[in-house]
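Worksheet for the structure shown next.
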There are 2 protein chains.
Amino acid sequence: MKRNTWQREAVRTALSENENFVSAQALHGALKQSGSSIGLATVYRALADLADEGEADSLQQEGEALYRACTPGSHHHHLICRNCGLTVEIEATAVEDWARQVAAQHGFTRAEHVVDVFGLCEACSRLQADPSSS
Amino acid sequence: MKRNTWQREAVRTALSENENFVSAQALHGALKQSGSSIGLATVYRALADLADEGEADSLQQEGEALYRACTPGSHHHHLICRNCGLTVEIEATAVEDWARQVAAQHGFTRAEHVVDVFGLCEACSRLQADPSSS
DNA sequence: AATCGTTTTGACAATCATTCTCGATAACGT
DNA sequence: ACGTTATCGAGAATGATTGTCAAAACGATT
Ligand SMILES: [Zn+2]
Ligand SMILES: [Zn+2]
Ligand SMILES: [Zn+2]
Ligand SMILES: [Zn+2]
């Protein structure tokens with residue numbers, strides 16, 4: 001059976017304290033900073049578990065996996081700022097339907113999909129337009 | 001200025017000989033197999049170039065980058081078989097519009113998106129349903 | 001509370017894809 | 001053909017992730 005360890009709980013907590021997507025390494029760093037003695041491998045394992053239990057969402061950016069505590073049990077996608085990491089959860093029934101349909105039309109089964117939107121959030125867009133105002 | 005080397009051409013050719021997405025390593029292996037003396041780093045460089053010149057599409061699967069020679073100049077997405085790699089190019093005007101809109105609604109600029117659909121193609125679906133028929 | 005079988009941990013090594021280094025090579029404009 | 005300079009290739013370096021395995025922690029059960 002699955003056991004409850006303070007390590008798993010620490011990862012869960014640390015994750016939920018971050019509004020945005022974070023890497024395993026970053027999370028481990030933060031935990032160590034705050035005095036925890038948790039191991040890096042444990043953070044990786046805990047995040048992987050959380051992800052396939054549906055308690056966290058994950059995505060790949062620049063070759064590394066990022067995780068985020070997300071609204072549990074709800075399938076959704078993300079709008080992410082390339083500059084500051086600000087993340088917005090977005091629902092999109094239309095996209096879900098489209099994905100299902102296009103798969104079916106080509107005879108595909110067990111369809112899953114990866115849908116992420118990246119951009120510059122409002123604040124970062126302003127900064128880039130007028131860097132002097134920082 | 002950019003030069004034309006047989007290495008670049010070899011990668012381009014090898015890529016277009018593959019119907020499906022392939023990794024840099026796999027492509028390098030295939031080239032070596034057929035007698036080429038091209039270096040691995042060169043394959044990586046050539047693929048990266050092809051990708052941002054729009055001659056190839058790329059996606060991340062299981063932590064590695066895969067490339068495919070795609071219909072040039074047309075933005076599209078892919079429906080990919082998780083088992084055999086069969087790939088179908090799909091157009092999705094509705095998704096393009098949706099992505100643009102959802103970004104704009106939240107004040108995001110320079111929106112880009114990652115949209116891929118994975119599943120089991122018709123043949124692989126059959127095999128999985130009745131493995132004895134192989 | 002002590003015991004016991006099983007799960008989880010963590011330090012470290014190992015793996016694996018990708019990038020970097022840098023001297024050698026080869027394109028291309030002249 | 002010449003010189004300039006982008007490109008190449010072999011191997012080292014990097015960086016994220018996973019594997020190893022003895023020690024520690026769980027939790028059910030006395
Ligand atoms: Zn931002
Ligand atoms: Zn979806
Ligand atoms: Zn298939
Ligand atoms: Zn698109």
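Proteins get letters first, then strands, A, B, ... in listed order; numbering begins at 1 in each.
Counting to the nearest Å, the P atom of D:dA25 and the CZ atom of A:Arg8 are 16 Å from each other. The NE2-P distance, from B:His28 to D:dC8, rounds to 13 Å in whole Å. One atom, CD of B:Glu64, and another, C1' of D:dG15, lie 16 Å apart when rounded to the nearest Å. Following rounding to the nearest Å, B:Gln25 (CD) and C:dC16 (C1') show an atom-to-atom distance of 8 Å. Straight-line distance from the CD atom of A:Gln60 to the P atom of D:dA16: 13 Å, rounded to whole Å. Atom CG of B:Leu31 is separated from atom C1' of D:dG9 by 14 Å (rounded to the nearest Å). One atom, NZ of A:Lys32, and another, P of C:dA11, lie 6 Å apart when rounded to the nearest Å. The CG-P distance, from B:Leu47 to C:dA17, rounds to 14 Å in whole Å.
For B:Tyr44 and C:dT18, the shortest distance from a side-chain N or O to OP1 or OP2 is below 4.0 Å.
Residues passing the salt bridge (Lys or Arg N to Asp or Glu O under 4.0 Å) test with A:Arg100, sequence neighbours excluded: A:Asp97.
Neither side chain, B:Thr87 nor B:Glu19, offers a donor N or O lying under 3.5 Å from an acceptor on the other. Using a 3.5 Å distance cut-off with no hydrogens or angles, the side chains of B:His77 and B:Glu96 do pair a donor with an acceptor.
Against DNA chain C, the stretch residues 34-42 of chain B makes heavy-atom approaches under 4.0 Å through B:Leu40, B:Ala41.
The environment of CD in A:Glu53 is crowded: more than 12 heavy-atom neighbours from other residues, nucleotides or ligands sit within 6.0 Å.
A donor-acceptor contact shorter than 3.5 Å links the side chain of B:His28 to the backbone of B:Ile38.
A salt bridge links A:Glu89 with A:Arg68; the closest basic N to acidic carboxylate O contact falls under 4.0 Å. Using a 4.0 Å cut-off between charged side-chain N and carboxylate O, A:Glu55 and A:Arg8 make no salt bridge.
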* Structure fact -> Reading nucleotides 22-30 of chain C from 5' to 3' and marking B where a protein heavy atom lies under 4.0 Å of the base, S where only the sugar-phosphate is that close, and - otherwise, the string is ----BBS--
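With rounding to the nearest 0.5 angstrom, the CG atom of B:Leu15 is 5.5 Å from the CG atom of B:Leu47.
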* Asked: Does the pair A:Leu27 and A:Tyr44 meet the rule for a side chain to side chain contact (heavy atoms under 4.5 Å, CB included), with working shown?
  -> CA-CA 10 Å; A:Leu27 207 58; A:Tyr44 272 102; over 6 Å; no
